[in-house]
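First the structure, in the form of structure tokens, and then the observations on it.
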Amino acid sequence: MLMAHKPFRDFEGGLANADGETRWFLMSGDPIFSRNGRFLGYRGVSQDITDRKLAEGKIQKLAYYDHLTELPNRRLFRDRLEQDMKRVTRNNSSLALLFIDLDKFKEVNDTLGHDKGDILLIEAAQRIRKHVRDTDTLARLGGDEFAIVLPEYGETGNIDRIVQDVLQALEMPFELGGGSVGHISGSIGIALYPKEANSIEDLLKHADQAMYAAKHSRTSRFNYFTRSMQEEARDRIEMMNDLRHALELHQLEVYFQPIVDARTGEIVKAEALLRWHHPVRGMVSPLMFIPLAEESGLILNIGDWVFEEALRNIARWQENTGKLVQVSVNKSSVQFMHSDQHHWHENYLKSGLPDHSITVEITESLLLSESDKIRNQFNFFKEHGIELSIDDFGTGFSALSYLNQFDVDYLKIDKSFVQKMTTDSSSKALTEAIIIMAHKLNIKTIAEGVETEAQRNVLKSYGCDFMQGFLFSKPIPSDEFEQWLLK
Ligand code: C2E
Ligand code: CA
Ligand code: CA
């Protein structure tokens with residue numbers, strides 16, 4: 001009897017008051033007994049700890065939920081995923097893990113500002129949430145990455161439906177206030193447990209690899225994990241690691257492709273094109289490694305080096321041949337976003353080369369950027385004697401009104417037009433129209449990928465100013481280029 005009524009210390013209990021509001025108390029008590037040993041009750045202290053409890057709840061929320069979208073964060077996501085994995089193992093069922101990455105979100109952030117970017121993320125979270133059940137976990141993993149855990153998804157047809165709905169929802173325009181509208185899309189990677197992974201690490205990795213594949217696919221916005229993806233991912237990581245050392249190990253080289261004056265056939269310009277001599281893989285195409293360099297940020301150092309190589313070679317050729325060749329250097333949007341060109345300009349000054357020795361090639365889409373940072377960089381180039389070329393013209397937005405705003409010097413007509421020109425009449429008409437329009441705007445034209453005499457003759461008849469392509473020469477090492485100049 002006596003034993004049942006023990007003292008208690010620091011017991012936390014919740015009591016609802018008349019308004020239905022729960023107050024929390026911290027209580028300690030000692031039993032009191034009558035002289036003959038009958039239990040009378042407890043005597044002790046209690047303290048209202050409701051405020052502390054609320055604070056704890058908030059801390060919990062901070063620790064486990066994303067403050068922007070109020071979705072579970074990476075930590076809670078992992079906890080839930082682990083629990084779900086245990087449960088489906090017990091029940092002999094399966095679950096699907098979906099990684100969702102927003103495409104072009106970075107552009108919205110960079111061009112419209114972070115506040116608008118935040119609004120878009122909140123709205124995107126709400127749109128995705130509409131398509132998942134309460135028993136599913138939707139989490140924000142960080143940045144523009146979301147994840148969904150679908151336990152007991154039934155058949156894969158159900159996953160496909162959710163995926164399609166989510167992708168469609170994300171493609172609708174986002175009203176961001178103040179008349180700003182954001183356009184994004186999503187890429188989704190899917191991995192199944194336990195079919196394709198037996199640990200949480202594997203499952204996460206596979207969903208990520210599938211997402212990467214979806215992001216880089218032209219045909220599909222979503223992808224299920226496959227074994228070959230795993231190999232490709234391993235390959236990519238290996239290449240990325242090798243690329244980190246390529247510059248210091250002197251494996252990179254800049255080749256130059258001659259650009260000729262259409263009227264005289266004389267070499268007057270060249271395009272600097274990167275080459276990677278990989279010790280095992282041999283020559284790796286820039287189409288393969290430039291995207292890796294952009295992803296890893298290595299493009300910044302590599303791009304600076306290409307620019308210096310261009311300057312060095314222009315000076316060298318001038319000294320050895322007496323000819324001044326203008327070199328064009330490709331600069332990708334990543335380079336514009338993450339570095340400024342002031343050190344390029346300093347190096348340019350130091351080289352002592354005359355104005356207009358360099359042109360920078362950018363893609364059309366950069367002209368559409370609303371970022372002041374990027375606009376200022378174009379203007380800075382122009383003010384400091386560096387010319388501006390629009391690369392691959394005709395493949396992107398072809399926003400003609402922007403050409404004027406930026407005082408563009410050259411349009412490079414994309415090789416896809418040039419090569420279809422002699423067989424496809426609309427490509428032919430377009431090529432002619434581009435040249436006429438460019439000339440009206442005082443912009444010179446360079447045709448890329450000229451491979452045949454027939455192409456050259458048509459381009460010449462349209463008044464195209466310069467030509468570049470295998471008909472004249474492939475990209476070649478600097479020494480060889482110098483020999484060409486002497487010929
Ligand atoms: P791009 O700027 O469009 O460069 C022209 C590409 O067309 C080069 O491919 C060139 O070799 C190829 N080409 C030239 N003439 C012909 C032709 O007659 N027929 C055909 N079929 N192709 C021709 P490459 O050298 O493989 O470079 C691929 C891309 O890699 C470049 O496309 C450029 O976007 C990028 N890239 C190369 N070097 C750099 C660099 O230093 N920095 C950056 N950011 N990108 C670079
Ligand atoms: Ca180019
Ligand atoms: Ca090009």
Side-chain angles (χ1 to χ4, degrees), residues 243 246-247 251-260 262 267 269-278 282-313 326-339 341 344 358-366 377 387-396 398 408-422 431 434 445-456 459 464 466-478 480-481:
L243 191 58
L247 203 52
Q251 292 168 357
L252 297 182
E253 183 177 359
V254 180
Y255 274 30
F256 297 90
Q257 185 173 32
I259 298 174
V260 302
I267 298 175
K269 301 175 188 295
E271 176 172 2
L273 291 162
L274 257 174
R275 294 294 179 261
W276 181 12
H277 305 279
H278 189 282
M283 187 87 107
V284 183
S285 162
L287 294 174
M288 184 103 162
F289 73 84
I290 297 278
L292 294 179
E294 289 175 347
E295 236 171 82
S296 58
L298 290 169
I299 191 70
L300 299 180
N301 274 336
I302 293 176
D304 289 352
W305 176 79
V306 171
F307 183 72
E308 283 158 33
E309 279 293 287
L311 292 174
R312 208 172 57 76
N313 282 289
Q326 184 190 53
V327 172
S328 57
V329 175
N330 292 283
K331 193 166 181 179
S332 65
S333 58
V334 178
Q335 292 170 272
F336 275 101
M337 298 283 187
H338 296 288
S339 79
Q341 66 305 309
W344 281 33
I358 291 274
T359 114
V360 168
E361 292 192 11
I362 61 167
T363 51
E364 281 168 80
S365 57
L366 263 182
Q377 293 196 59
E387 296 193 315
L388 211 55
S389 301
I390 306 303
D391 206 356
D392 307 336
F393 189 78
T395 57
S398 306
V408 166
D409 299 285
Y410 303 97
L411 283 193
K412 300 194 75 171
I413 306 168
D414 190 67
K415 51 177 170 284
S416 59
F417 286 107
V418 173
Q419 289 173 355
K420 274 189 282 178
M421 214 175 44
T422 38
T431 307
I434 292 173
T445 50
I446 303 174
E448 291 189 305
V450 183
E451 292 182 357
T452 66
E453 294 284 351
Q455 290 161 355
R456 172 168 69 178
L459 288 162
C464 181
F466 303 95
M467 298 188 206
Q468 173 182 1
F470 296 167
L471 177 65
F472 311 101
S473 166
K474 293 193 168 195
I476 45 181
S478 168
E480 231 173 283
F481 188 86

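Here the structure is a predicted model, which is why all the values come from computation and not from measurement. We count ligands from 1, going down the list as the structure has it; atoms in each ligand are counted the same way.
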Is Ser285 in polar range of ligand 1, meaning some N or O pair under 3.5 Å apart?
no

Give me the ring orientation class for Tyr410 and Phe466: parallel if the planes are under 30° apart, tilted from 30 to 60°, perpendicular past 60°.
perpendicular

Using a 4.5 Å cut-off on heavy atoms from C-beta on, say whether the side chain of Gln455 contacts that of Leu471.
no

N/O of Glu294 under 3.5 Å from N/O of ligand 1, yes or no?
no

Could you tell me whether atom 7 (O) of ligand 1 has a protein heavy atom closer than 4.0 Å?
yes

For Lys331, is at least one N or O under 3.5 Å away from an N or O on ligand 1?
no

Any N/O/S atom of Asp414 sitting less than 3.0 Å from the Ca ion (ligand 3), backbone or side chain?
no

Looking only at distances, please establish whether an N/O atom of ligand 1 is found under 3.5 Å from an N/O atom of Gln468.
no

Per-residue contact class, Asp391 against ligand 1 - non-hydrogen pairs under 4.0 Å:
side chain

Judged on heavy-atom distance to atom 36 (N) of ligand 1, which of Val334, Thr452, Ile290 sits nearest?
Ile290

Is the Ca ion (ligand 2) less than 3.0 Å from at least one N/O/S atom of Ser389?
no

Do the side-chain N and O atoms of Glu271 and Asn330 include a donor-acceptor pair separated by under 3.5 angstrom?
yes

Mind checking whether Val306 has an N or O less than 3.5 Å away from an N or O of ligand 1?
no

Counting non-hydrogen protein atoms only, what is the nearest one to atom 37 (C) of ligand 1? Give residue, atom name and distance.
Leu273 CD2, 3.7 Å

Hey, does Phe470 come in under 3.5 Å of ligand 1, counting only N/O atoms on both sides?
yes

In this structure, does ligand 1 have an atom that sits under 4.0 Å from one of the heavy atoms of Pro475?
yes

Atom of Asp392 closest to the Ca ion (ligand 3), considering N, O or S atoms:
OD1

Is atom 34 (O) of ligand 1 near the protein, in the sense that some protein heavy atom lies at less than 4.0 Å from it?
no

Side chain to side chain donor-acceptor pair (under 3.5 Å) partner of Gln468, the single match among Lys415, Glu448, Gln257
Gln257

Looking only at protein heavy atoms, identify the closest one to atom 24 (P) of ligand 1 and say how far it is in Å.
Pro286 CG, 3.6 Å

What protein heavy atom sits nearest atom 21 (N) of ligand 1, and how far away is it?
Glu451 OE2, 3.2 Å

Find, among atoms of Asp391 that are N, O or S, the one nearest to the Ca ion (ligand 3), and state its name.
OD1

Any idea which of Lys474, Met467, Arg275 brings a heavy atom closest to atom 25 (O) of ligand 1?
Arg275

For Lys412, state whether at least one heavy atom is located under 4.0 Å from any atom of ligand 1.
no

Side chain or backbone of Asp392 under 4.0 Å from ligand 1, or both, or neither, by non-hydrogen atoms?
side chain

Taking just the N, O or S atoms of Glu271, which one is nearest to the Ca ion (ligand 2)?
OE2

Counting backbone and side-chain atoms alike, is an N, O or S atom of Glu448 positioned under 3.0 Å from the Ca ion (ligand 3)?
yes

Can you name the nearest heavy-atom pair linking Val418 to Ile413, along with the distance?
CG2-O, 4.1 Å

